Amino acid sequence: MTFSVKLFFDDDHEAAISCEPDEDVISAALRQGLILMSECREGVCSTCKCFLAEGEYSRLMSHSVYALSPAEEEEGLVLACRLRPASDLEIEFDYPFSMVQQYEETERRGSLDEIEMVSDTVMRVVVRTLGAQEPLRYLPGQFVRIALTNGVSRDFSMANVSDDSRRLEFFIRVYPDGEFSSYIARDASPGEQVTLHGPRGKFILRDNERTPMFIAGGTGLAPVLAMLRQLATDHADRHAVLIFGNTNVGDVFGGEELKALGARLPNLQVISSVINPDDSWTGRVGTATAVAEEYISGRGGSEFEYYYCGPPKMIEATNQMLEVAGVGRELRHHEDFVPSRMEESNG
Ligand SMILES: Cc1cc2nc3c(=O)[nH]c(=O)nc-3n(C[C@H](O)[C@H](O)[C@H](O)COP(=O)(O)OP(=O)(O)OC[C@H]3O[C@@H](n4cnc5c(N)ncnc54)[C@H](O)[C@@H]3O)c2cc1C
Ligand code: FES
């Protein structure tokens with residue numbers, strides 16, 4: 001028996017596809033010429049997360065709890081790449097239909113142009129793509145997969161906006177045993193070749209009048225910097241709030257970038273916090289999520305559109321905090337820096 005699946009996008013556009021009981025929704029859409037947003041198609045990255053408004057399924061195929069937690073599934077969220085229908089379905093996606101058509105993945109060759117430590121644990125890396133290819137076009141907040149010549153590849157979010165310069169700027173956390181990050185920090189040298197796959201991801205600025213609140217944990221600041229830089233170009237008078245949290249004082253980076261943004265976005269309020277302060281620290285103490293919770297309490301959480309990015313635990317805590325604060329799903333957009341080597345299956 002073939003089921004009918006209605007797809008609803010956040011610009012009120014609708015589409016309909018058919019789906020076999022042994023077929024997942026992403027594959028069914030592809031078969032019918034629709035490229036829905038997806039990346040790993042194995043239940044790991046969460047790019048295909050969406051809301052099941054109507055219909056039934058017996059069980060999602062195996063997936064990482066970081067991509068979809070049991071609490072999220074309870075709420076009605078599903079991973080389209082892991083979803084096989086057991087009835088007709090109605091599914092809501094939190095991105096516009098235009099992104100379905102525009103989502104065209106490309107490959108670029110490039111080289112490492114600059115590598116510098118900008119705090120005890122974070123490096124700034126600039127990749128320059130080759131002049132023989134068109135510059136990579138992407139939306140602020142998106143990411144690429146960077147593949148090294150030794151075969152290791154990881155996802156990283158661009159911190160700069162897309163332009164003709166061919167420069168892509170990244171902020172990368174260095175893990176002492178990190179296959180990718182420690183290689184770049186210790187062994188790589190400028191000029192070394194890399195391959196970029198993308199752009200990927202739907203963590204992008206929504207075009208509305210609501211005040212954006214950005215909550216960034218560590219290098220989760222990277223895509224937020226790209227969004228703020230775009231905002232400074234398009235709407236310099238906009239009010240915006242950035243809560244930037246780190247574990248230790250030595251982890252904090254981005255001072256120069258945020259200062260420059262402050263000059264271009266005079267209504268940007270930046271609140272920095274660390275969990276473990278030292279005598280020199282003059283900012284807030286606590287997690288970014290706790291500082292955000294305090295900020296919105298008394299103000300009414302629905303005043304803002306939320307963009308949050310960082311490690312899985314921070315995303316989970318922020319989801320819970322906003323849920324309790326009564327902030328609707330349509331106002332929450334996040335990118336989860338799911339580490340490739342911390343996958344855990346619950347399916
Ligand atoms: C969409 C997306 C965008 C991303 N963008 C960025 C970015 O802009 N900047 C950035 O720094 N990272 C980003 N990441 C994370 C990045 O892709 C890598 O997972 C991370 O850099 C670790 O890779 P590695 O090879 O250095 O470490 P691995 O060899 O994969 O892991 C080394 C060790 O570190 C641990 N580890 C890795 N990540 C974490 C973590 N988050 N929390 C706790 N322990 C961890 C692992 O368990 C392992 O023990 C992003 C991830 C995704 C999915
Ligand atoms: S595409 Fe990665 S979880 Fe579905």
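Fair warning: this is a prediction, and the values are worked out from it, not measured in the lab. Order of appearance sets the numbers: ligands from 1, and atoms from 1 within every ligand. Excluded from the calculations below are hydrogen atoms, water molecules and symmetry mates; all remaining heavy atoms, backbone and side chain alike, are included.
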query = With respect to atom 48 (C) of ligand 1, which of Leu225, Thr219, Asp177 exhibits the smallest heavy-atom separation?
reply = Asp177
request  = Look at ligand 2 and say whether Gly43 reaches it with a heavy atom at a distance under 4.0 Å.
outcome  = yes
ask   = Considering Ala185, Gly178, Pro311, Gly220, which one's heavy-atom position lies nearest to atom 27 (O) of ligand 1?
value = Gly178
request  = Between Phe170 and ligand 1, find which residue part has any heavy-atom pair under 4.0 Å and reply side chain, backbone, both or neither.
outcome  = neither
message = I'd like to check which ligand 1 atoms, numbered from 1 as shown, lie under 4.0 Å from a non-hydrogen atom of Ile172.
response = 11 (O)
key: Atoms in ligand 1 flagged as close to Phe143, the criterion being non-hydrogen separation under 4.0 Å   = 1 (C)
task = For a side-chain hydrogen bond (donor to acceptor under 3.5 Å, both in side chains) with Tyr308, tell me which candidate from Asn319, Thr318, Thr289 qualifies.
result = Asn319
task = Identify, by atom number and element, the atoms of ligand 1 in contact range of Glu335, meaning under 4.0 Å from any of its heavy atoms.
result = 1 (C)
ask   = Are Phe214 and Leu228 side-chain neighbours, meaning at least one heavy-atom pair lies under 4.5 Å?
value = yes
query = Quick one: which ligand 2 atoms are inside 4.0 Å of a heavy atom on Val44?
reply = 3 (S)
message = Is it the case that the side chains of Thr121 and Asp251 hold a donor-acceptor pair, with the cut-off being a distance below 3.5 Å and no angle test?
response = yes
message = Within ligand 2, which atoms have a heavy atom of Arg41 less than 4.0 Å away?
response = 1 (S), 2 (Fe)
request  = Please confirm whether Arg299 makes a cation-pi placement over Tyr295, using NZ or CZ under 6.0 Å from the six-membered ring centre and within 45° of the ring normal.
outcome  = yes
task = Please determine if Phe180 has a nitrogen or oxygen closer than 3.5 Å to a nitrogen or oxygen of ligand 1.
result = yes
task = Give a yes or no on whether a salt bridge exists between Glu209 and Arg238, defined as a side-chain N under 4.0 angstrom from a carboxylate O.
result = no
ask   = Within less than 4.0 angstrom of ligand 1, does Phe156 place any heavy atom?
value = yes
message = I'd like to know whether the aromatic ring centres of Tyr95 and Phe93 sit less than 6.0 Å apart in this structure.
response = yes
query = Hey, is Glu73 close enough to Lys49 for a salt bridge, meaning N to O under 4.0 Å?
reply = no
query = Just by modelled atom types, is the Ile204 backbone N or O under 3.5 Å from a matching donor or acceptor in the Arg206 side chain?
reply = yes
query = If you measure from atom 25 (O) of ligand 1 to every heavy atom of Lys313, Arg154, Met158, which option wins on shortest distance?
reply = Arg154
request  = Check each heavy atom of Arg200 against ligand 1 and say whether those closer than 4.0 Å belong to the side chain, the backbone, both or neither.
outcome  = neither
key: Geometric cation-pi criterion, Arg154 with Phe156: 6.0 Å, 45°   = no
Which segment of Phe337 sits under 4.0 Å of ligand 1 when only heavy atoms are counted = both
For Val338, the ligand 1 atoms whose distance to one of its heavy atoms is below 4.0 Å = 53 (C)
task = Find all atoms of ligand 2 within a distance of less than 4.0 Å from any non-hydrogen atom belonging to Ser46, and give their numbers and elements.
result = 2 (Fe), 3 (S)
query = Any N/O/S atom of Cys81 sitting less than 2.8 Å from atom 4 (Fe) of ligand 2, backbone or side chain?
reply = yes
query = Hey, is ligand 1 close enough to Ser182 that some N/O pair sits below 3.5 Å?
reply = no
request  = Please state whether the rings of Phe244 and Phe253 are parallel, tilted or perpendicular, taking 30° and 60° as the class boundaries.
outcome  = perpendicular
ask   = Which of the numbered atoms in ligand 2 are below 4.0 angstrom from a heavy atom of Cys45?
value = 1 (S), 2 (Fe), 3 (S)
task = Work out whether the distance between some heavy atom of Asp336 and some atom of ligand 1 is less than 4.0 Å.
result = yes
message = Assess, by modelled atom type and distance only, whether the side chains of Arg264 and Thr233 contain a donor and an acceptor separated by less than 3.5 Å.
response = yes
task = Could you tell me whether atom 4 (Fe) of ligand 2 has an N, O or S atom of Cys48 under 2.8 Å away?
result = yes
remark   = Rounded to the nearest 0.5 Å, the CD atom of Glu54 sits from the CZ atom of Phe8 at a distance of 9.0 Å
task = Give me the one residue out of Leu242, Leu331, Leu205 that meets side chain to side chain contact (heavy atoms under 4.5 Å, CB included) with Tyr307.
result = Leu205
key: Heavy-atom nearest neighbour of atom 11 (O) of ligand 1 within options Arg145, Gln142, Arg173   = Arg173
query = Between Glu134 and Arg108, does at least one N-O distance fall below 4.0 Å, as a salt bridge requires?
reply = no
task = Could you pull out, from Ile184, Asp155, Thr121, Val125, the option with a heavy atom nearest to atom 17 (O) of ligand 1?
result = Asp155
